[in-house]
Amino acid sequence: MNRDPQSEAIAASNHWQQASLDSEKTTPRIDEIFGIDVFDMRKMRQRLPKSVCDAVEQITNGGDKLSPSDADVIADAMKEWAIERGVTHYTHWFQPLTGLTAEKHDSLTAPDGEGGVAYRLSGKSLIQGEPDASSFPSGGLRATFEARGYTAWDPTSPAFIRRGANYATLCIPTAFVSWNGEALDKKTPLLRSIDAISTQAMRILKFFGTDQGVRTIGSTLGAEQEYFLIDRNLYYARPDLVSCDRTLFGSMPAKHQQLDDHYFGSIPTRVLSFMAEVERELSRLGIPVQTRHNEVAPGQYEIAPIFETTNIACDHQAMLMQALKNVAGRFGFVAIMHEKPFAGVNGSGKHNNWSLSTDTGVNLLDPQDDTHNNLQFMTYLCGVIRAVHLHADLLRATIASASNDHRLGANEAPPAIISVFLGDMLTDLIDQIEHGTTNRTLQGGELDLGARTLPALRRDSGDRNRTSPFAFIGNRFEFRAVGSTASVAWPNTVINAIVAESFDYLATELESTVSEGDSKELKDSAVRKVLQKVIKDHRAIVFNGDNYSDDWQVEAKSRGLPNLRTTPDALPVFKESKVQAMFEKYKILTKSELESRSEIFVEKYVTQIGIETRQMLSIAKTMILPAATEHQRRLAQTINSTVSAGVDAENLRNSLGILAQGVCDLQTRIAELENSACFETHEPFEASIHIRDHVLGAMESLRESVDRLESIVDHALWPLPGYSQLLTIR
């Protein structure tokens with residue numbers, strides 16, 4: 001009997017699915033025994049003295065650092081809370097520059113000197129750890145002989161417990177720095193950027209006299225996460241998915257997403273059970289989830305959390321991604337975060353909803369009613385417009401990666417040209433300011449749906465634009481270009497930085513043109529003049545049309561907007577003096593810290609493409625070519641048998657000729673990719689340019705050759721599960 005690799009994988013997947021669901025029914029739920037697994041000090045007043053709670057509150061609001069004695073008290077309370085919940089180990093949980101999270105587990109127990117053990121966690125151990133700093137990517141900041149690094153507790157982000165079937169670990173969110181104090185992680189510059197934007201945004205608030213009771217201003221974040229689910233055993237039958245997280249080959253099935261019937265469709269029962277379990281785990285970790293639904297591509301889904309302060313939201317986003325991966329296995333799935341795991345259907349993004357809020361809960365990007373009279377809002381809005389225009393190239397570089405390059409510009413993602421969508425109402429307002437007066441705010445009115453039983457709907461004053469990379473949507477900006485694999489900490493660090501610089505400029509202009517005793521009329525007139533200049537200088541970044549159109553490519557060029565199509569085009573921006581000066585001015589990243597990130601990003605790009613190239617060649621030579629030649633051999637035998645029987649075999653000969661040509665083309669494309677991938681340079685940026693100009697094209701040609709063969713080679717011989725299997729949930 002002929003072996004059918006795809007049928008075997010599907011049968012194994014069905015078996016795994018049933019076994020996983022049966023296990024779920026019988027396994028005792030540890031989360032029914034313990035309470036919420038989050039140690040949020042702002043909610044631990046029953047465990048901590050009032051003086052310590054007040055000290056923590058001061059830190060959260062930009063006050064003094066924690067004293068050693070207070071740290072000891074908090075550590076003891078955290079230890080007692082943890083051991084009550086079955087915790088045996090703790091870890092300083094941090095986000096290095098690998099794109100993953102990292103943790104080194106230490107036992108909470110130690111010998112008590114009397115033959116037993118005691119649970120211990122000191123304030124010093126809580127505040128500071130010491131992982132090896134030379135084994136993580138550092139972009140030259142650390143060498144092997146310079147191994148010392150430190151983790152530093154972030155008291156503004158709650159500690160949490162990670163659970164498994166037989167373990168519970170206390171995770172303490174921390175920053176990660178070198179022995180010299182240089183940032184080796186994503187959290188440190190993010191926290192610095194939050195301080196920077198708070199300082200500059202407060203200056204504008206004070207100018208308008210609305211700062212009463214406000215101590216800090218911070219950015220807020222809601223990061224939507226798109227992902228794919230595929231059956232676990234189908235995943236392991238695809239070496240490209242295992243090593244690259246995307247399919248390097250695969251022809252489109254007859255039906256994929258043409259009917260758009262998956263989007264917002266009824267969620268499959270097995271998937272819904274998975275989603276419910278993910279949300280259950282996330283709720284125990286204090287991560288508020290608001291939305292779940294089918295996305296456009298078959299097998300694609302989305303989860304969206306509620307807004308939080310940016311630092312906590314970034315930590316929670318990393319935890320959410322890990323939860324998706326962990327829970328998926330219990331249901332016989334693998335969760336894939338890659339931006340474009342399947343060619344020809346929609347990829348996945350991470351829509352980054354960014355706003356500004358005071359510590360008193362006021363959203364500074366909420367237009368409110370009569371927006372034309374709200375000059376404070378217009379000042380903050382113009383500051384963001386100016387920031388995006390001045391640093392469009394930096395924003396593009398911030399979300400550049402080998403995986404996101406596959407997605408940008410496709411049907412579900414904005415193009416590489418960064419622009420700002422404002423909608424009708426705000427565009428009309430900046431037009432008014434540019435011409436000197438503001439006297440109206442466009443209203444959306446109501447929609448009468450024409451049926452007696454249906455209510456009248458309040459219509460927004462402007463439409464949405466899903467093609468825009470940086471769109472205003474009611475009370476926030478949605479940065480849609482962020483990739484689904486990315487940590488949101490880095491994009492939000494950059495947004496905070498460029499907006500802080502812009503707020504600094506606006507605050508300085510306003511403060512220099514208005515005296516303390518000026519009337520409100522004089523003050524408002526001065527504000528309008530400053531905003532008028534900003535709009536005239538920077539409205540080229542505003543575009544409300546179709547960002548996918550060819551006309552926009554031409555118009556964007558005439559406006560002077562950068563079009564950095566690939567990662568090698570974008571990453572050199574980090575080396576520009578204006579970018580380095582901005583990060584240094586606001587003490588977010590030193591020149592060496594920024595250069596290190598530039599080196600890490602380009603090395604990751606080169607390494608990732610290198611892995612994909614080697615995997616492509618391996619699959620093509622050891623799996624595809626043997627299957628195709630075996631089909632060719634069988635077809636040739638069939639022709640000989642047919643001719644021997646006295647039957648005309650002309651059509652079969654034509655099929656054999658097409659197949660033989662395909663096999664020959666495959667061998668040619670393999671050789672071309674091997675040749676293009678053989679280059680010598682120790683300079684990562686040079687390597688990235690060679691990849692862009694030579695390797696990527698050869699990879700695409702090899703893929704096209706393999707995909708053509710998939711459509712004519714015997715299904716039972718084809719060694720990889722096809723898209724029709726991978727994109728179908730069973």
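Every value quoted in this text rests on a predicted model; they were computed, and no experiment measured them. Residue numbers start at 1 and run along the sequence shown.
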| Under 30°, 30 to 60°, or over 60°: which ring-plane class applies to Tyr301 and Tyr227, parallel, tilted or perpendicular? | tilted

| field | Verdict with supporting geometry, Lys621 and Glu674, salt bridge (Lys or Arg N to Asp or Glu O under 4.0 Å) | value | CA-CA 11 Å; Lys621 290 193 291 186; Glu674 286 178 324; 2.7 Å; yes

| Mind checking whether Phe136 and Phe94 have parallel, tilted or perpendicular rings, split at 30° and 60°? | perpendicular

| note | What one should report as the nearest heavy-atom pair of Pro173 and Asp315 is CB-OD2, 3.8 Å

| Basic-acidic side-chain contact under 4.0 Å: Arg669, Glu704 | no

| request: Carefully, step by step, assess Arg692 and Asp569 under the rule salt bridge (Lys or Arg N to Asp or Glu O under 4.0 Å). | output: CA-CA 9 Å; Arg692 180 197 67 190; Asp569 297 326; 2.5 Å; yes

| query | Crowded around Lys587 NZ? As in, over 12 foreign heavy atoms under 6.0 Å? | reply | no

| said: Below 30° counts as parallel, above 60° as perpendicular, anything between as tilted: where do the rings of Phe574 and Trp490 land? | reply: tilted

| said: Between Thr590 and Glu182, do the side chains contain a donor N or O and an acceptor N or O under 3.5 Å apart? | reply: no

| message | I need the His293 NE2 to Ile303 CD1 distance, nearest 0.5 Å. | response | 10.5 Å

| query | Can Thr485 and Glu339 be counted as having a side-chain donor-acceptor contact under 3.5 angstrom? | reply | yes

| query | Under 3.5 Å, is there a donor-acceptor pair linking the side chains of His351 and Glu302? | reply | no

| Any luck finding a side-chain donor-acceptor pair between Gln257 and Asn346 under 3.5 Å? | yes

| query | Under 3.5 Å, is there a donor-acceptor pair linking the side chains of Ser157 and Asn311? | reply | no

| request: Could you tell me the separation between the CD1 atom of Ile306 and the OG1 atom of Thr220, rounded to the nearest 0.5 Å? | output: 13.0 Å

| Rounded to the nearest 0.5 Å, how far does CG of Leu617 lie from CE of Met699? | 8.5 Å

| field | SB check Glu593 Arg192 (cutoff 4.0 Å) | value | yes

| said: If you count every heavy atom of other residues, nucleotides or ligands that lies below 6.0 Å from Arg565 atom CZ, does the total exceed 12? | reply: no

| said: Quick check on ring pair (Phe, Tyr, Trp, His ring centres under 6.0 Å): which of Tyr380, Phe470, Phe421 does Phe477 satisfy it with? | reply: Phe470

| message | Atom NZ of residue position Lys557 - does it have more than 12 heavy atoms of other residues, nucleotides or ligands inside 6.0 Å? | response | no

| query | His538 vs His389 aromatic rings, parallel, tilted or perpendicular, using cut-offs 30° and 60°? | reply | perpendicular

| task | Applying salt bridge (Lys or Arg N to Asp or Glu O under 4.0 Å), run through Arg703 and Glu700 and close with a yes or a no. | result | CA-CA 5 Å; Arg703 175 171 192 141; Glu700 185 60 29; 5.6 Å; no

